[in-house]
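Here the structure is laid out as structure tokens; the discussion comes afterwards.
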There are 2 protein chains.
Amino acid sequence: MSSVILPHAAIPKYYQLATILQGKIEAGEWAPRSPIPSERQLELMYDVSRPTIRQAIEYLITQGLLYREHGRGTFVSPEKLQKGLRELTSFTEDLVQRGIRPGQVIRSIERITPPEGVLQRLELPVGSTVIRIDRIRLGNETPIGLQVSYIALAPGQEITIEDMEKTGSLYRILEEKFNLIPTEADETLEVTLANREEANLLEINEGSPLLLSERLTFTQNRRPVEFVHILYRGDRYRYYTRLKR
Amino acid sequence: MSSVILPHAAIPKYYQLATILQGKIEAGEWAPRSPIPSERQLELMYDVSRPTIRQAIEYLITQGLLYREHGRGTFVSPEKLQKGLRELTSFTEDLVQRGIRPGQVIRSIERITPPEGVLQRLELPVGSTVIRIDRIRLGNETPIGLQVSYIALAPGQEITIEDMEKTGSLYRILEEKFNLIPTEADETLEVTLANREEANLLEINEGSPLLLSERLTFTQNRRPVEFVHILYRGDRYRYYTRLKR
DNA sequence: AAGTGGTCTAGACCACCTT
DNA sequence: AGGTGGTCTAGACCACTTC
């Protein structure tokens, strides 16, 4: 059995155990809606204390993989519910799951002084500069959305087009280069109609309906890092989300 | 000091403590971004063990009221982030926060055999019946949305118009009458255009842009209970959501 | 060095569900 | 009655931050 919890390891025991349990679920060893071993059994199986077992289980519950029923047991979630929030809300993952090839064209990356409304949302003083990334999002090589991101980084902290092309993901850059971890976001969605320029870029008629998303993303310290404005083609895009509690 | 943790009470200690801390935050006793007392200090202040303190803090973190920084302390969230998911996603709460008077017209409540697609999503066998509730949602007395809910209840488990008028909330009825607690939902949003009937009911022109939301709600046992289809007027409604992790 | 949160133990008793 | 998860204790040591 490869499933052994290492003591004194860099990785916490509860996390090692969570990884093992997750592996068994994903391998189909425990079917959806069937119970996993009880907390006392897991104590014996892995030689860790019950609070640690519970911490591992609680982690997997927040991830959507397990649910508990008092007096009955702990059960594997139905497959549909096993996807995390991250996968459900990432543009790229979204398309991949629907069998569409995602892509992007980076139109520009610049340090600029944004509109006042953007500075207010990012809680920056008037006159501050931010990095603006202007992109066209593609699905199967056709335009699906126009995305403009404003990122609150002080002068000297820069993001280059090489960074974006190497990793492909803005969030990876924020995490690895600046230790900024997006943990929370407020998003609004509404309907609007395409103006001339938007229609040209999205290859649709002027006046076509669009889905407008505005998102403010916060880091682990609850500081705003990013304000994003995205216009999606109404006929090519559907927004997915999962609500909890 | 009224803040005393009662032993042997029906309410768990961690929850009593969480309520006390929440009260202090909402009363402004601890300002946003300022630290609350350390876990060791809280141990002495309330005479409960540290794991219990931590459980209370973890609960308030999931509620969005606090955040932690390793080695620095536990801090009060900025006010904007103190709203829970529930408030952000309830139609009624949504409008109230924007200073709009919410209302509804119940067009019908019936037990019917729904379209096959609805039965599939509710994981019911072909030919099953469900309860359909057909409503018009109002904001300041004008129509904002058309909502059709399909609720997976066995024959004999019924919802009456009196139930709806007494509580006003479908979720309250599900919880109090049937012990079904909605805990998770998958939602999609897309753009569509109003047909003749929809335009009439919403008092807009045919062909006006609408926001279409489809939501599948799951109970504490991860069983689907409700499928909802809502058409919102594009010019009168904006959808808010909060993403975590 | 001192204070903070992060992890972990080895128990205990209670509430809920099934048989 | 026996098994399950829910709550709680009184400690311990570690990792990170600040002084």
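Reckoned from all heavy atoms, side chains included, excluding hydrogens, waters and symmetry mates. Sequence lines set the chain letters: A, B, ... in the order given, protein chains first and strands last, and positions in each chain run from 1. This structure is a prediction, so every number in the text was calculated from the model and none was measured.
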What is the per-nucleotide protein-contact pattern of nucleotides 14-19 of chain C, from the 5' end, where B denotes a base atom under 4.0 Å from a protein heavy atom, S denotes such proximity for sugar-phosphate atoms only, and - denotes neither? -BBSS-
Tell me, with the steps shown, if B:Thr129 and B:Arg111 meet side-chain hydrogen bond (donor to acceptor under 3.5 Å, both in side chains). CA-CA 6 Å; B:Thr129 62; B:Arg111 176 167 286 282; 2.8 Å; yes
Using whole Å, report how far CZ of B:Arg50 lies from C1' of C:dG5. 6 Å
Are B:Arg223 and B:Glu123 close enough for a salt bridge, meaning some N to O gap below 4.0 Å? no
Taking the basic N atoms (NZ, or NE/NH1/NH2) and the acidic carboxylate oxygens, is any pair closer than 4.0 Å for A:Arg50 and A:Glu43? no
Exceeds 12 heavy-atom contacts within 6.0 angstrom, atom NZ of A:Lys177: yes
Strictly below 4.0 Å, N to O, side chains only: are B:Glu58 and B:Arg68 in salt-bridge contact? yes
Side chain to side chain contact (heavy atoms under 4.5 Å, CB included) between B:Leu66 and B:Ile25: does it pass, once the steps are laid out? CA-CA 9 Å; B:Leu66 297 174; B:Ile25 292 164; 3.7 Å; yes
A:Arg172/A:Glu176 salt bridge by N-O under 4.0 Å criterion: yes
Computed from five pairs at either end and rounded to 10 degrees, the angle between the axes of the helix from C:dA1-D:dT18 to C:dT18-D:dA1 is 10°
pair B:Thr19-B:Ile11: side-chain heavy atoms closer than 4.5 Å: no
When you check the gap from the basic side-chain N to the acidic O, do B:Glu214 and A:Arg238 get nearer than 4.0 Å? no
Tell me: CD of B:Glu69 to C1' of C:dT4, nearest whole Å? 11 Å
Reading DNA chain D from 5' to 3', where do the contacts with chain A start and stop? Cut-off is 4.0 Å to heavy atoms. D:dG3 to D:dT7
Looking at C:dT4, I'd like to know if its phosphate oxygens (OP1 or OP2) sit under 4.0 Å from a side-chain N or O belonging to B:Ser38. yes
Please tell me whether A:Tyr239 and A:Glu187 have a donor and an acceptor in their side chains that are separated by less than 3.5 angstrom. yes
